[in-house]
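Numbers here are sequence positions counted from 1.
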Amino acid sequence: CSLDIHHSVERLTSHNFLARIEGTDPKLKEETLVFTAHWDHLGQKGKDIYHGARDNALGCAAILEIGRALRTLAPEKRKRSVLILFTTCEEQILLGSLWYVANPIYPLLKTVACMNVDVMNTWGKTRDMSYSGKGFSELDEQVEKAAKRQQRLVTGEHTPETGMFYRSDHFPFAKHGVPAIYLKNGFDH
């Protein structure tokens, strides 16, 4: 039995992009809430083309809108600082988020949470919402409160066997002790 393997290595440089909205509370502004979305996608592999609208142009648009909305809030409501973080190479073993947590611009010890947005709902409103990371951090209570204000039911991961909690940009933050979740769409339309 014999086996021939041919491979090549190509070295590329890519970047994370970020924007920070400084909080207004003299003490709490040192704490940071992070919203992540990855800007890369698979592109073309052979004859298959992966356009990336859902994975993850929509997530990038969502955190841009979150940033815009936060800038319009009354200053007294923006107590903590917010980091809008567009990661690179999520499709290549989370390289962008791994790099950020290894080289944080804002201290991870003062990062209060990471909320990842990836593969958003494109089908309309739902009566429920789900997220990856339920039961893994103290964010559950906050998610429940937000869902209740929207009169929605919170469900956990619909397909836990896929291991999605470990496969998106919030996970490197969670590994470093930052409470982190991956916000997902609901299923009850």
Side-chain angles (χ1 to χ4, degrees), residues 16 18-21 23 28 31-40 54-67 69-70 78-91 93-102 104 106-123 125-188:
N16 289 331
L18 56 92
R20 185 169 189 255
I21 302 163
L28 292 177
E31 296 180 355
T32 303
L33 169 61
V34 179
F35 287 92
T36 58
H38 68 93
W39 64 264
D40 70 310
R54 282 193 68 221
D55 186 9
N56 191 32
L58 284 173
C60 290
I63 69 170
L64 269 175
E65 180 59 19
I66 288 168
L70 289 171
R78 285 187 282 123
K79 294 180 180 182
R80 288 183 173 86
S81 295
V82 174
L83 180 65
I84 304 296
L85 177 60
F86 299 94
T87 59
T88 187
C89 299
E90 188 263 3
E91 304 290 356
I93 65 167
L94 314 177
L95 291 176
S97 56
L98 286 166
W99 188 90
Y100 182 85
V101 298
Y106 304 101
L108 291 182
L109 288 175
K110 293 198 176 220
T111 301
V112 295
C114 174
M115 288 186 257
N116 184 55
V117 182
D118 192 354
V119 188
M120 293 188 58
N121 177 6
T122 57
W123 302 288
K125 290 184 178 182
T126 61
R127 291 185 267 303
D128 66 332
M129 66 154 302
S130 69
Y131 66 100
S132 234
K134 187 171 183 180
F136 289 109
S137 77
E138 60 269 20
L139 295 176
D140 292 347
E141 185 179 325
Q142 299 302 319
V143 172
E144 290 283 348
K145 285 179 185 177
K148 188 175 184 176
R149 283 193 301 270
Q150 298 173 4
Q151 299 176 337
R152 296 170 80 193
L153 173 69
V154 175
T155 60
E157 178 71 49
H158 282 264
T159 54
E161 69 279 3
T162 63
M164 287 307 295
F165 182 72
Y166 309 98
R167 294 176 34 209
S168 203
D169 284 317
H170 63 287
F171 185 62
F173 286 87
K175 280 185 10 182
H176 283 81
V178 175
I181 59 174
Y182 167 7
L183 300 168
K184 302 177 93 172
N185 55 274
F187 293 89
D188 185 7

Flag yes if more than 12 heavy atoms outside Lys134 fall under 6.0 Å of its NZ atom; otherwise flag no.
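Atom NZ in Lys134 is crowded, with more than 12 foreign heavy atoms closer than 6.0 Å.
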For the CD atom on Gln150, are there more than 12 heavy atoms of other groups (residues, nucleotides or ligands in this structure) within a distance under 6.0 Å?
yes
How close do [X] and [Y] get, heavy atom to heavy atom, and via which atoms?
X: Leu139; Y: Ala113; result: CD2-CB, 3.9 Å
X: Leu98; Y: Pro172; result: CD2-CG, 3.8 Å
X: Cys114; Y: Val178; result: N-CG1, 3.9 Å
X: Ala102; Y: Pro104; result: C-CD, 3.5 Å
X: Val154; Y: Ala147; result: CG2-CB, 3.3 Å

Using the salt bridge (Lys or Arg N to Asp or Glu O under 4.0 Å) criterion, which residues pair with Arg152? Sequence neighbours excluded.
none
Results of salt bridge (Lys or Arg N to Asp or Glu O under 4.0 Å) for Glu141 - residues two or more places apart only
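If we apply the salt bridge (Lys or Arg N to Asp or Glu O under 4.0 Å) test to Glu141, skipping adjacent residues, the hits are Lys145.
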Taking only residues two or more places apart in sequence or in another chain, which ones pass ring-ring contact (aromatic ring centres under 6.0 Å, His included) with [X]?
X: His176; result: none
X: Tyr131; result: none
X: Phe86; result: none
X: Trp39; result: Phe17

Asp188 side chain to Thr126 main-chain N or O, any donor-acceptor pair under 3.5 Å?
no
Hey, is the main chain of Val119 close enough, under 3.5 Å, to the side chain of Asn56 for a donor-acceptor pair?
yes
Sequence neighbours excluded, which residues qualify as side-chain hydrogen bond (donor to acceptor under 3.5 Å, both in side chains) partners of [X]?
X: Asn16; answer: none
X: Thr111; answer: none
X: Asp128; answer: none
X: Ser130; answer: none

Would a 4.5 Å heavy-atom cut-off, applied to side chains only, mark [X] and [Y] as touching?
X: Val143; Y: Ile181; value: yes
X: Leu94; Y: His38; value: no
X: Val101; Y: Leu108; value: yes
X: Asn185; Y: Met120; value: no

Separation between CG of Leu33 and CD1 of Ile21, rounded to the nearest 0.5 Å
10.0 Å
Atom OG1 in Thr32, atom CZ in Arg80: separation rounded to 0.5 Å?
10.0 Å
Step by step, work out the side-chain contact (heavy atoms from CB on, under 4.5 Å) result for Thr36 and Phe173.
CA-CA 10 Å; Thr36 58; Phe173 286 87; 4.1 Å; yes
So, Arg20 and Ser81: side-chain donor and acceptor under 3.5 Å apart, yes or no?
yes
For side-chain contact (heavy atoms from CB on, under 4.5 Å), just list the numbers for Leu64 and Phe35, CA-CA rounded to whole Å, side-chain angles, deciding distance to a tenth of an Å, and then say yes or no.
CA-CA 10 Å; Leu64 269 175; Phe35 287 92; over 6 Å; no
According to the salt bridge (charged side-chain N to carboxylate O under 4.0 Å, His left out) rule, which pairs have a member within residues 153-162, sequence neighbours left out?
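Listed by first then second residue: Glu157-Lys184.
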Which side-chain N or O atoms in residues 164-171 pair as donor and acceptor under 3.5 Å with protein atoms at least two apart or in another chain?
unit_1: Arg167; atom_1: NH1; unit_2: Thr162; atom_2: O; d: 2.6
unit_1: Ser168; atom_1: OG; unit_2: Glu90; atom_2: OE2; d: 3.3
unit_1: Ser168; atom_1: OG; unit_2: Asn116; atom_2: ND2; d: 2.8
unit_1: Ser168; atom_1: OG; unit_2: Asp118; atom_2: OD2; d: 3.2
unit_1: Asp169; atom_1: OD1; unit_2: Ser97; atom_2: OG; d: 2.7
unit_1: Asp169; atom_1: OD2; unit_2: Thr87; atom_2: OG1; d: 2.5
unit_1: His170; atom_1: NE2; unit_2: Phe165; atom_2: O; d: 2.9

Under 4.0 Å between a Lys/Arg side-chain N and an Asp/Glu carboxylate O for Glu31 and Lys110?
no
